[in-house]
There are 2 protein chains.
Amino acid sequence: MTMTIDHALGRKLERFARLSEEDHRALRRLREAPLREVEPRADLIAEGDEPAVVRLSESGWACRYKHLPNGRRQIVGLFVPGDFCDLNVYILRHLDHSIGAISKVRYYALPPHMIEELVHDRPRIGKALLWNELVQASIQREWLLTLGQRNARERLANLFVEMFHRVRSIGLAGDGKFEFPLTQTDLADTTGMTPVHTNRTIQELRQEGLIDMDRRHLGICDLAALSRLAMFNAGYLHLDREGETLDAAN
Amino acid sequence: MTMTIDHALGRKLERFARLSEEDHRALRRLREAPLREVEPRADLIAEGDEPAVVRLSESGWACRYKHLPNGRRQIVGLFVPGDFCDLNVYILRHLDHSIGAISKVRYYALPPHMIEELVHDRPRIGKALLWNELVQASIQREWLLTLGQRNARERLANLFVEMFHRVRSIGLAGDGKFEFPLTQTDLADTTGMTPVHTNRTIQELRQEGLIDMDRRHLGICDLAALSRLAMFNAGYLHLDREGETLDAAN
DNA sequence: GCGGCTTTCCAACCTAGGTTAAGGTCATCT
DNA sequence: AGATGACCTTAACCTAGGTTGGAAAGCCGC
């Protein structure tokens with residue numbers, strides 16, 4: 001199960017814009033950038049650091065998170081293979097959050113000029129990347145809706161369904177079962193609940209036959225029911241390849 | 001107190017990049033776009049609509065919000081004069097959220113090509129706009145932290161301090177008192193609490209001499225104490241004109 | 001196979017915040 | 001002046017989820 005960038009990233013961007021063979025070649029060239037590796041629980045970059053490179057995840061899961069001075073932690077975003085951890089953030093001088101590995105992460109450390117050239121030379125990729133960023137922002141908004149208005153079961157259900165769609169879109173969850181390396185503590189930190197209540201709620205979902213979750217894998221047993229419970233609305237993922245008409249002109 | 005675009009927007013962008021007289025002239029030309037007006041509570045644009053123009057707020061407050069099928073509402077962003085409501089969203093074919101007026105809002109309806117030309121002709125403004133978007137994203141992350149980890153008093157305190165800084169940055173709150181048109185119901189919808197509990201908590205903050213809030217105005221009585229309570233960290237607003245060094249090269 | 005991790009699971013108890021319901025205040029309209 | 005409607009305020013009661021403290025079960029290196 002080695003994910004290479006031309007698979008994950010290319011597959012994802014294909015959903016936003018129809019890419020030419022030349023575009024795909026340009027994407028594959030990103031693999032010439034240095035590949036780095038971080039262990040689970042380690043940081044890719046910490047709050048306050050000055051971001052110097054753009055990180056493109058090649059394999060493994062990572063998360064964006066923030067701390068409060070009292071120690072509480074909130075995960076504000078998840079990255080799966082093919083996601084950029086900080087496409088634009090290098091513009092800002094200091095980072096307002098940290099990025100940490102959840103499972104073992106391998107990523108390409110791209111110098112900013114490489115992105116700038118790519119966007120300049122292959123405008124269609126530029127459009128797709130912009131689209132991708134807008135989708136990230138949309139996901140953030142949906143998470144706000146989740147934290148503000150959904151209860152414990154709905155929060156977990158929504159997260160599970162969202163990640164299922166995102167992982168499937170890079171071709172890693174065709175059968176409804178996929179790698180899901182978050183611990184229950186991680187889940188608690190992303191849903192704004194305690195680990196104990198996270199556990200209680202997972203038990204419920206399991207007993208109701210909605211999910212099947214073991215150590216590092218998540219199985220979606222009843223996608224329809226889980227989506228209904230979560231009040232999941234796929235619209236916010238913008239996965240319906242509407243970029244097509246946009247790019248037709250190009 | 002008429003806010004014109006060259007005041008609010010120019011003043012805000014000045015924080016991100018040092019703009020030339022020519023840049024300011026270009027910004028002022030945006031005022032040639034049609035000016036529209038919406039009444040309080042009305043929508044500027046509703047979920048599912050196809051966004052055709054970019055909205056630049058000229059006066060009044062607006063909010064970005066999402067609904068759940070069960071009727072619950074979450075405000076996921078606030079706009080003050082000089083803010084773009086949807087700078088990039090027109091790229092996506094359908095909106096995943098709505099934008100509503102809180103007070104009476106007047107805004108410029110800019111055709112996308114106007115933005116594209118502006119960014120093309122005045123790259124420094126382009127940089128400032130990108131910076132501005134990144135700050136918006138950063139605010140979203142901080143709001144996630146708030147909803148996930150801060151309690152009722154901390155949530156309100158943080159929101160108050162944030163809005164104070166944002167309003168001051170456009171020159172409308174020098175003395176610590178400023179227009180704040182959100183009702184307590186609106187506040188509840190942005191903090192993910194009930195109106196009743198919002199009221200209880202406001203009473204507390206008032207009695208402790210931290211804020212002074214009447215019908216449509218908010219006074220920050222003790223900024224230091226309020227910031228401490230909120231665990232406010234101004235870093236996420238990136239208001240420290242760090243763009244300077246970035247733009248020095250240009 | 002052993003010791004020390006990390007992670008999951010469980011139960012008893014507690015509190016922050018939700019719910020419901022009723023007044024109160026203020027501005028506007030007639 | 002009275003009526004209307006939008007907000008704000010308060011009180012009594014209740015529950016979803018937090019807290020604390022363990023125990024069991026996998027997993028990892030040695």
Side-chain angles (χ1 to χ4, degrees), chain A residues 39-42 61 68 70-75 100-104 146-159 179-207 211-219 229, chain B residues 39-42 61 68 70-75 100-104 146-157 159 179-208 211-219 229:
Chain A
E39 291 304 306
R41 314 280 103 194
W61 288 45
L68 239 27
N70 63 15
R72 305 199 66 173
R73 179 174 88 131
Q74 178 66 36
I75 291 179
I102 290 175
S103 53
K104 176 189 272 204
T146 293
L147 289 185
Q149 307 297 342
R150 280 188 248 250
N151 66 21
R153 324 175 75 231
E154 293 159 1
R155 290 181 196 202
L156 284 175
N158 198 266
L159 181 63
E179 202 190 336
F180 190 83
L182 278 76
T183 65
Q184 293 190 359
T185 303
D186 293 330
L187 277 173
D189 285 346
T190 100
T191 55
M193 317 190 302
T194 55
V196 174
H197 197 55
T198 302
N199 181 271
R200 278 197 282 248
T201 309
I202 289 173
Q203 300 306 324
E204 280 181 35
L205 297 180
R206 230 192 311 246
Q207 273 155 36
I211 60 166
D212 167 26
M213 205 178 173
D214 71 17
R215 211 137 202 57
R216 306 231 155 271
H217 293 266
L218 173 63
L229 166 60
Chain B
E39 293 302 308
R41 314 280 102 193
W61 288 45
L68 238 28
N70 64 15
R72 304 199 66 173
R73 181 175 87 131
Q74 178 66 36
I75 291 179
I102 290 175
S103 52
K104 178 189 271 203
T146 293
L147 288 186
Q149 307 297 342
R150 280 189 248 249
N151 66 21
R153 324 177 75 233
E154 295 158 1
R155 289 181 196 201
L156 284 175
L159 182 63
E179 204 192 333
F180 192 83
L182 278 76
T183 66
Q184 293 190 359
T185 303
D186 293 330
L187 277 173
D189 286 346
T190 100
T191 54
M193 318 190 300
T194 54
V196 173
H197 197 55
T198 302
N199 181 272
R200 277 197 283 248
T201 310
I202 289 174
Q203 301 305 326
E204 281 181 35
L205 298 180
R206 229 193 310 249
Q207 274 155 34
E208 292 166 27
I211 60 166
D212 167 27
M213 204 178 173
D214 71 15
R215 214 141 200 58
R216 306 233 155 269
H217 293 265
L218 172 63
L229 166 60

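We use all heavy atoms of the structure for the numbers below, so side chains are in, but hydrogens, waters and symmetry mates are not. So you know, we letter chains A, B, ... as the sequences are listed, proteins then strands, and number each from 1.
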Handout entry: Residues B/Glu154, A/Arg72: salt bridge by 4.0 Å N-O rule
Key =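 Not counted as a salt bridge, because no side-chain N and carboxylate O are separated by less than 4.0 Å.
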Exercise for the section: Considering only NZ, NE, NH1 and NH2 on the basic side and carboxylate oxygens on the acidic side, decide whether B/Arg206 and B/Asp214 come within less than 4.0 Å. Expected result: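 Between B/Asp214 and B/Arg206 there is no salt bridge, as every charged N stays at least 4.0 Å from the carboxylate O atoms.
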Please report the distance, rounded to the nearest Å, between [atom1] in [X] and [atom2] in [N].
X        : N      : atom1 : atom2 : answer
A/Ile102 : C/dT7  : CD1   : P     : 11 Å
A/Gln184 : C/dT6  : CD    : C1'   : 12 Å
A/Arg41  : C/dC5  : CZ    : C1'   : 13 Å
A/Met193 : C/dG17 : CE    : P     : 16 Å
A/His197 : D/dG18 : NE2   : P     : 6 Å
B/Gln203 : D/dC7  : CD    : P     : 17 Å
B/Leu218 : D/dC8  : CG    : P     : 13 Å
A/His217 : C/dT8  : NE2   : C1'   : 17 Å

Problem - Non-hydrogen atoms of A/Ile102 and A/Pro181 that approach each other most closely - result: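 For A/Ile102 and A/Pro181, the tightest heavy-atom pair comes out as CG2-O, 3.5 Å.
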Closer than 4.0 Å, any side-chain N/O of [X] to the OP1 or OP2 of [N]?
X        : N      : answer
A/Arg150 : D/dG17 : no
A/Asn199 : C/dC9  : yes
A/Arg206 : C/dC9  : yes
B/Asn151 : C/dA16 : no

Exercise for the section: Go through C/dC10, D/dC8, C/dG18 for me and flag the one nearest to the A/Val196 side chain. Expected result: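 The closest nucleotide is C/dC10.
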Exercise for the section: Would you indicate which nucleotide in D/dT9, D/dC7, D/dG17 comes nearest to any side-chain atom of B/Thr183? Expected result: D/dC7
Practice task
Would you mind telling me which of B/Thr146, B/Ile211, B/Leu187 makes a side chain to side chain contact (heavy atoms under 4.5 Å, CB included) with B/Leu156?
Solution key: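 With B/Leu156 as partner, B/Thr146, B/Ile211, B/Leu187 yield a single side chain to side chain contact (heavy atoms under 4.5 Å, CB included), made by B/Leu187.
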Handout entry: Minimum side-chain heavy-atom gap A/Leu229-A/Leu205 below 4.5 Å
Key = yes
Problem - Presence of donor-acceptor pair under 3.5 Å, side chain of A/Arg200 and base of D/dG18 - result: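 Answer is yes: a donor-acceptor pair is held.
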Exercise for the section: Determine the contact category for B/Arg216: base if any of its heavy atoms lies under 4.0 Å from a base atom, sugar-phosphate if only primed atoms, P, OP1 or OP2 are that close, otherwise nothing. Expected result: nothing
